[in-house]
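Contents: one structure, followed by commentary.
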Amino acid sequence: MVFQNPDATLNPAWTAGGILSRAVGRLGGLSGEARRQRVDELARRVRVEEQHLEAKPTELSGGQKQRVAIARAFAGKPALVVCDEPASALDVSVQASILNLLAELQVTEGVSYIFISHDLAVVRYLSDRIAVMYLAKLMELGGAEEIFTPPHHPYTEALMSAIPTLDFDHPSERIPLGGPVPSLSAPPSGCRFHTRCHRFLGDLCVNETPPWREVAPGHNYLCHIEPAELRELQLAQLRDRGAR
Ligand code: SF4
């Protein structure tokens, strides 16, 4: 697993090399020279320089610490790595290098990621399939490009409207999510998203759990609005914005 904040997950009393060596011993079952070689190999793969292996986490930059955390996650040659917002605690200037490193390792190490993020632009860059969740419930599931093409779930639509754009002729029109975030221990009745949904249909959304709709094989969302109608509503909104 790669966590959001390396400061909270790297032992400050150990050197980076010690942290990796322990992980290689525990997760990879290696010892002696083989263990030392695997630590060097991991450091090379994530581009942590040799002198930094002697440093403690407090002596490393945020990007270097996250590289050590990533190397540790690969210590046992995993088939699946869970990445929980791995770049969001870093400076914007180093976020791209960490995401590029993860993309590179995905190919060279042959791993799958479960990549958790609130940043849809980042998710689109790295993912083959995307699952959109709200209040611990799956709202939409589909291929990365399908999710970004109407129709999408109204919550996905709102998230997309929050992606910044450099197209000054057609600035994104943010869909505000009104009201407070409901409690997870007492989620709203019917559709969980109904207290904040901009496409709210009234009693139906309050009282009835929405069906799981199929847009195409492998692309589904949870809503009372049918795919054809939702597509029209969303395309009309995009046309409207383009005309302004
Ligand atoms: S079921 Fe109703 S409240 Fe839920 S996403 Fe669809 S329109 Fe919005």
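Remember, it's 1-based here, ligands and their atoms both numbered in the order they're listed. Because the structure is predicted, anything quoted here is derived from the model rather than measured.
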Checklist entry - Taking only residues two or more places apart in sequence, or in another chain, which ones meet E33 in a salt bridge (charged side-chain N to carboxylate O under 4.0 Å, His left out)? => result R36
Checklist outcome for this item: What lies under 2.8 Å from atom 2 (Fe) of ligand 1, restricted to protein N/O/S atoms, is C205 SG
Item to check | Under 4.5 Å side-chain linkage, directly or through intermediates, the cluster mates of I175 | outcome: none
Checklist outcome for this item: For R72 and A23, the nearest pair of non-hydrogen atoms, with its separation, is CG-CB, 3.6 Å
Checklist entry - Do R124 and F148 meet the cation-pi criteria used here (NZ or CZ under 6.0 Å from the six-membered ring centre, within 45° of the axis)? => result yes
Using a 3.5 Å cut-off and no angle test, enumerate the donor-acceptor pairs between side-chain atoms of residues 132-142 and protein atoms at least two apart in sequence or in another chain.
residue	atom	partner	partner atom	Å
E140	OE1	H153	N	2.8
E140	OE1	T156	OG1	2.7
E140	OE2	H219	NE2	2.7

Checklist entry - Can you list the ligand 1 atoms lying under 4.0 Å from a non-hydrogen atom of H153? => result 5 (S)
Next on the checklist: Please evaluate residues R38 and E41 with respect to the criterion salt bridge (Lys or Arg N to Asp or Glu O under 4.0 Å), reporting the C-alpha separation (whole Å), side-chain torsions for both, the decisive distance (0.1 Å), and the verdict.
Outcome noted: CA-CA 5 Å; R38 176 71 178 145; E41 183 194 340; 3.2 Å; yes
